Protein chains: 2
Amino acid sequence: MGAATSDAPRAWRTVLEHIEQQLLDGALRPGDRLPGERALSAELGVGRSSAREALRVLEVLGLIRTAAGSGPNSGAIIIATPGGGMSALMRLQVAASGFPVADIVRTRLILESSVAGDLADAAPAADLSAADLLLDAMDSPDLAPTEFLALDAAFHLALAEASGNQVITATMAGLRSGIEGYALEGVSAIADWSATSTRLRTEHRGIVEAIRAADAATARSRTHDHISGYYAETFPPSSPSGPSAPTATPSPASTTPESPA
Amino acid sequence: MGAATSDAPRAWRTVLEHIEQQLLDGALRPGDRLPGERALSAELGVGRSSAREALRVLEVLGLIRTAAGSGPNSGAIIIATPGGGMSALMRLQVAASGFPVADIVRTRLILESSVAGDLADAAPAADLSAADLLLDAMDSPDLAPTEFLALDAAFHLALAEASGNQVITATMAGLRSGIEGYALEGVSAIADWSATSTRLRTEHRGIVEAIRAADAATARSRTHDHISGYYAETFPPSSPSGPSAPTATPSPASTTPESPA
DNA sequence: TAGCACGTGTGGTCAGACCACAGGAGGGAG
DNA sequence: CTCCCTCCTGTGGTCTGACCACACGTGCTA
């Protein structure tokens, strides 16, 4: 042995597909332990290194968690944490120029505006306590920009989580990771951080307020303006991010009032 | 050697971070060739298998393309094809129950409605020729459901591409992949395929028509209804996809006419 | 009975060896 | 001089075997 017999597909792909199939069949469920690497490779007739390559992919994608040692917590365990995989994907794609930053911002605009609107419309009012906590934490007067930004990201994510849509939550986590580097850089472009953070805090509360008031249109437009405003300030005029400006995206409810009056 | 000295982070992660850093620094750009696996591992002081694990991750994430042999086309080459990675991620997350199908559909609703609206509002009218071609192809009377569905997916993707937002395009490709299996299964749940496909064709043309007429609100609502309608038909009442029905999401412009009259 | 030492299995990593393949360099035939 | 064929080289792809660090369980010991 030692080589691919030409007609066979890549060995690691075999492993990946095998596990995917078992997941689809229900033979493998979240919380379950995968066979050990040695067993898995023997079972599928591939080398351990090939099996490991597949497991590595699953790990980065957020499907499994691995731990050495013995006992029930060791080995590869199925977990579905899409956020991690999404973050890695977005981050690397941005690094490789596959995702223009402007497109990420535009996508945030769409997703978050929609989330805010849905939250306001939610029949049984969504639980915003997590967001409230973050809002309070952000009021600490002596927060470094980095800390503030982390709380800010967590706040936006908390809204997504409150909406209950796991796909959007994971996507937003990924989008945020993708532009995290730029966000940190951007802080230096802000003239008066104190004023900016105060404004951001006010806008955050305004969004939550609109959601609580079940005013979807306002929640949407405030979210849109909040995000586009921040990026307009962070990425001054000639940001080499892409051909068009992030704020160019017409939001579903930004300039269109359609107020509930 | 042969083992991790406990304090060191995982070797493959070292490789991954090294490459990411080079991408961020601009030392590595799309189209460039990575060092060979042997050189890379030597350079970073890790084993070749560890370097390979990192490369495998990059490959699945759509960042590199690998080819054996020699010459300029061999080796690992930086490519930024987010769609592939996104598809793998979504597909596996769905398989692992990390992404409820209902959430994926809801996300499609948001993204595609928004795309259709933006397309209609686009200052220089977007190029819809690719979508037109697919529309014509879908008119072939003797298309198998599978073929029709493939064209249908391509049509929706073409609209996203026309919008020029690469993040949305890749995300939509991923979302589609995630529910592809369910879509194929769902065909059998459709009583009169001929009638359904005719309806879908009509709806598609209606969407494009609204976009061409620069009627954003109609484009949005038609897109929303098109998608939610299809899934309502494909996943009859008691689909075990999630706690709430996909159509429960209030679209920005679905039931709210705000017609241009 | 309480505590500790050892065995065992797991992931993590490395080193070395082949294979298949694609391309280029070189020599030989025309 | 030109063209074609052959061999060589480098690349990814894979397998095997080995060792390390670690966490757990078992069972012996005090």
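Model, not experiment: these values are computed from the prediction. Residue numbers start from 1 in every chain, and the chains themselves are labelled A, B, ... in the order their sequence lines are given, proteins ahead of strands.
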Detail all sub-3.5 Å separations between protein N/O atoms and N/O atoms belonging to nucleotides 23-26 of chain D.
from   : atom 1 : to      : atom 2 : distance (Å)
D/dC24 : O4'    : A/Ser70 : OG     : 3.1

Pairwise distance OG(B/Ser114) to CG(B/Leu119) - rounded to 0.5 angstrom
10.0 Å

Would you kindly give the CD1-to-P distance between B/Ile77 and C/dA22, to the nearest whole Å?
14 Å

What is the distance from CD of A/Glu37 to C1' of C/dC14, rounded to the nearest Å?
14 Å

Just how far is it from atom CD1 of B/Ile104 to atom CG of B/Leu111, taken to the nearest 0.5 Å?
12.0 Å

Look at the side chain of B/Arg38 and the base of D/dG12, then say whether one donor and one acceptor between them are separated by less than 3.5 Å.
yes

Parallel, tilted or perpendicular: ring planes of A/His204 versus A/Phe155, cut at 30 and 60 degrees
tilted

Would you find a donor on one side and an acceptor on the other, under 3.5 Å apart, between the side chain of A/Ser50 and the backbone of A/Val46?
no

Does any residue of residues 48-65 of chain B have a heavy atom under 4.0 Å from DNA chain D, and if so, which ones, in number order?
B/Arg48, B/Arg52, B/Arg56

May I ask you to say what A/Arg10 touches in the nucleic acid, namely base, sugar-phosphate or nothing, with a heavy-atom cut-off under 4.0 Å?
sugar-phosphate

For A/Val46 and B/Ser74, find the nucleotide of DNA chain D closest to each by heavy atoms; which residue's nucleotide sits nearer the 5' end?
B/Ser74

So do the side chains of A/Arg52 and A/Trp12 get within less than 4.5 Å of each other, counting heavy atoms only?
no

Quick check: are there more than 12 heavy atoms from other residues, nucleotides or ligands sitting under 6.0 Å from CZ of A/Arg33?
yes

For a side-chain hydrogen bond (donor to acceptor under 3.5 Å, both in side chains) check, start with the C-alpha distance between B/Ser129 and B/Asp127, then their side-chain angles and the critical distance, and finish with the verdict.
CA-CA 6 Å; B/Ser129 55; B/Asp127 176 21; 2.8 Å; yes

So, is A/Ser41 near the phosphate of D/dC15, with a side-chain N or O under 4.0 Å from OP1 or OP2?
no

Can you see which heavy atom on B/Val167 is nearest to which on A/Pro100, and at what distance?
CG2-O, 4.5 Å

Test: B/Glu59 and B/Arg65 ion pair at under 4.0 Å:
no

Would you say the side-chain atoms of A/Glu147 pair up with the backbone N or O of A/Ala144, donor to acceptor, closer than 3.5 Å?
yes

Of residues 12-21 of chain A, the positions that come close to DNA chain D - non-hydrogen atoms, cut-off under 4.0 Å:
A/Trp12

salt_bridge(B/Asp32, B/Arg29) N-O dist < 4.0 Å
no

